[in-house]
S.K.: 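Before I ask anything, here is the structure I am working with.
In this text the structure is predicted, and so the values were computed from the model without any measurement. Within every chain, numbering begins at 1; the chains are lettered A, B, ... in the order of the sequence lines, protein sequences first and strands thereafter.
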Amino acid sequence: MSDTANINSDEDRLIRSRKNNLNQLIDLGIDPYPKVFSRTHSAEEAVKDLEDLEKSKKSEEILDNTRIAGRVTGIRGQGKMVFVDIKDRSGTIQAAMKKDILEETFNLVNLVDLGDIIGITGKIFRTRRGEPSIEVSDLQILTKSMRPLPDKWSGLKDVEKRYRQRYLDLISNDDAFNTAVKRSEIVSFIRNFMNQRGYLEVETPVLVSVPAGANAKPFSTRHNSLDRDLYLRIATELNLKKLIVGGMEKVYELGRVFRNEGIDHNHNPEFTTIESYEAYVDYNSIMELVEQLVSGAAESVNGSSKLDFGGSIGMIDLSPPWTRLDLREAIKDFSGVDFIDIESETELADKMRESGIHVDPNASWASMIDKIISDKVEPNLNQPTFLVDYPVKMSPLAKRKTNDDNTAERFEAFVLGSELANAFTELNDPIDQRERFEEQEALRKEFNDEELDRLEEDFLVAVEHGMPPTGGLGLGIDRLVMLLTKKLTIRDVVLFPQLKSID
RNA sequence: GGCCCGCUAGCUCAAUGGUAGAGCAAUUGACUCUUAAUCAAUAGGUUCUCGGUUCGACCCCGAGGCGGGUCACCA
């Protein structure tokens, strides 16, 4: 490609002027990409020092020789004086570059473009207009930028570009930056929360030979030297329970799982869950764990366990205790269907159609119940709610209730009409567990449903060695972050959401 | 996958089927307290792609791409 081929392209024109400045720097013997710059202050700290001085808390010397680095987000030329906005992690501060102070270095100012990373040395002061600023005595180019930034005032609004080039979103939209920070803080809170309760954090394989532990279609891949198909895990469940068999008693994994299904505002093909397992407790303890974890995370990152969504939703209060609804009663109340007497799929389908629910003609009993829940019950559960006690048929990994063989000790947590967590008293009877898996395998063939859970022999052998009574939890981190940052789409809480590639 | 909407300068947005424009960014010049700096001038376009209708298409029609919404499915 020759230079003349693109000489008329606007983008090239913009890059060319920056390259021109870059070359001028090189001609001056200046490295446009030096390795280090030692900072004394963040932008925020500099302002604080100034305020401390003004309150007479500190002596004036603290203001001298302040060194700050960051990205240039604004340049206001004033002839022999130029104001430059410098943005770092903590915020933005103004630098005042005066010719009579910088002398020959002042020529460098003309070679600074919007988007460059620069380091400045100088004295903190306040301008006549009251703006905290650095009076620059030395200026260093730390990184020359070759491409223009999005418009300072309107920011980056193009949704697609925000996702594909998230770094631009982070630079120009504070809300995107703050959401990413908050996600990190939430994950950090959860780790501390679990560790303080004596849980061990573990890591189990992402590549598995049987994608088991949940209902989902897996991604498949291939290991060359093993000459074998492998799958990306759809859940961390079974390996974690093997660790309970191994005596770890309290374990959790914060990890990415992968499901080969549709993509929309609630679903990314890879997402993060926390699964935890604790020996010698049942699902009642897990309900308390969820209440404390979620309300604690809210208080930690938002300073409150309440969230105001306004409009018809209003205030969501995450503080314990959450409402507990019996699943069967909830379904009956919201849809009029009482599944307890309905064993045949055709009868259930008829009842559902009577209630105005669209039924897939090839659906299993369990998936139909699931459909009733998501269509008729979930949308009503804005305030945090546990739906408790699920049919055994739709809960192949959960233990039966003591006096009711058809019901399992399982709950799901809902907030804002969306599922947040799924938990049960874990099934540790190896004979029952094997039968449940075999039924799932049979149903998968009968209904040709790729999403039904799979039998993993290794897991069954582990349980046959004896798994203590255990309470287990799975909670969607992305959903939790959406809730606590009030984002309506998962793409706003995942830094690099999956998008189609542009060829 | 069905249906609906969007795609125009680096960014944000205009433009009855009749010469594609503005603000910011860029380039050149003036300016030592500005902060969306100001002022003057200049330059910048495969209107997502391909095809069709038309004397003439950003605009109408068809196919495709990408994105958004919604329904179906899923966490």
S.K.: Do A/Arg259 and A/Phe271 make a side-chain contact, defined as non-hydrogen atoms from C-beta onward lying under 4.5 Å apart?
M.R.: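 Side chain of A/Arg259 against side chain of A/Phe271, heavy atoms only: contact under 4.5 Å found.
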S.K.: For A/Leu149, which contact category applies under a 4.0 Å heavy-atom criterion: base, sugar-phosphate, or nothing?
M.R.: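 No contact.
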S.K.: Look at all strands and tell whether A/Asn266 reaches a base, only sugar-phosphate, or nothing, counting heavy atoms closer than 4.0 Å.
M.R.: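 Result for A/Asn266 = base.
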S.K.: If you compare every side-chain N and O of A/Ser17 against the phosphate oxygens of B/U27 (OP1, OP2), does one of them come in below 4.0 Å?
M.R.: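 Checking A/Ser17 against B/U27: at least one side-chain N or O falls below 4.0 Å of OP1 or OP2.
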S.K.: How does protein contact run along nucleotides 31-39 of chain B, one letter per nucleotide 5' to 3', with B for base contact, S for sugar-phosphate only, - for none, heavy atoms under 4.0 Å?
M.R.: BBBBBBB--
S.K.: Side chain of A/Leu156: nearest nucleotide among B/A75, B/C11, B/U27?
M.R.: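 Looking only at heavy atoms from C-beta outward on A/Leu156, the closest nucleotide is B/C11.
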S.K.: When you measure from the side chain of A/Lys241 to the backbone N and O of A/Leu427, does any donor-acceptor pair fall under 3.5 Å?
M.R.: no
S.K.: Given the C1' atoms of B/C24 and B/A14, what is the spacing between them in whole Å?
M.R.: 15 Å
S.K.: Taking all heavy atoms of A/Leu14 and all of A/Pro148, pick out the closest pair and write down the distance.
M.R.: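 Smallest heavy-atom distance, with atoms named: CD1-CG, 4.1 Å.
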S.K.: To the side chain of A/Arg164, which of B/G68, B/C66, B/A75 is closest?
M.R.: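 The closest nucleotide is B/C66.
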S.K.: Closest to the A/Arg479 side chain: B/U70, B/A75, B/G10?
M.R.: B/A75
S.K.: Quick one: are A/Asn380 and A/Thr385 in side-chain contact, heavy atoms under 4.5 Å?
M.R.: no
S.K.: Does A/Arg491 put a side-chain nitrogen or oxygen below 4.0 Å from OP1 or OP2 of B/G68?
M.R.: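 Answer yes for this pair, as a side-chain N or O of A/Arg491 is under 4.0 Å from OP1 or OP2.
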S.K.: Identify which nucleotide among B/G23, B/A26, B/A75 has an atom closest to any side-chain atom of A/Asn215, counting heavy atoms from C-beta outward.
M.R.: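 Between B/G23, B/A26, B/A75, the one nearest the side chain of A/Asn215 would be B/A75.
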S.K.: If you take all heavy atoms of A/Tyr199 and A/Tyr252, which pair is closest and at what distance?
M.R.: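 Nearest heavy atoms, A/Tyr199 then A/Tyr252: CB-CD2, 3.5 Å.
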S.K.: Check every atom of B/G67, B/G10, B/U12 against the side chain of A/Asp158 and return the nucleotide holding the closest atom.
M.R.: B/U12
S.K.: Using a 4.0 Å heavy-atom cut-off, does A/Asn268 contact any base of the nucleic acid, only the sugar-phosphate backbone, or nothing at all?
M.R.: base
S.K.: So what does A/Lys217 hit on the nucleic acid, given a heavy-atom distance under 4.0 Å: a base, only sugar-phosphate, or nothing?
M.R.: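 Nothing: the residue A/Lys217, judged by heavy atoms under 4.0 Å, touches no strand.
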S.K.: Could you work out which one of B/C73, B/G10, B/G67 sits closest to the side chain of A/Asp264?
M.R.: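 Selected nucleotide: B/C73.
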S.K.: Pair up each side-chain donor or acceptor in residues 92-99 of chain A with any protein partner under 3.5 Å, not counting sequence neighbours, and list the distances.
M.R.:
from: A/Gln94; atom 1: OE1; to: A/Arg76; atom 2: NH2; distance (Å): 2.8
from: A/Gln94; atom 1: NE2; to: A/Ser133; atom 2: OG; distance (Å): 3.0

S.K.: Assign A/Leu114 to base, sugar-phosphate, or nothing according to its heavy-atom contacts below 4.0 angstrom with the strands shown.
M.R.: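 Since only primed, P, OP1 and OP2 atoms lie under 4.0 Å of A/Leu114, the category is sugar-phosphate.
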S.K.: Looking at every non-hydrogen atom in both residues, tell me the closest pair between A/Ala216 and A/Glu261 and how far apart they are.
M.R.: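 So the two residues come closest at CA-OE2, 3.2 Å.
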S.K.: In this structure, are over 12 heavy atoms from other groups packed under 6.0 Å from A/Leu488 atom CG?
M.R.: no
S.K.: Dot-bracket for RNA chain B, 5' to 3', with Watson-Crick and G-U pairs under 3.5 Å, [ ] for crossing pairs and | for other-strand pairs: what is it?
M.R.: (((((((..((((....[..)))).(((((.......))))).....(((((..]....))))))))))))....
S.K.: Between A/Lys161 and B/C11, is there a side-chain N or O to OP1/OP2 distance below 4.0 Å?
M.R.: yes
S.K.: Using atom C1' of each nucleotide, how far apart are B/G1 and B/U53 to the nearest Å?
M.R.: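 Looking at atom C1' only, B/G1 and B/U53 are 31 Å apart.
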S.K.: Across the strands shown, which category fits A/Arg162 at heavy-atom distances under 4.0 angstrom: base, sugar-phosphate, nothing?
M.R.: nothing
S.K.: What does A/Arg259 touch in the nucleic acid at a heavy-atom separation under 4.0 angstrom: a base, only the sugar-phosphate, or nothing?
M.R.: base
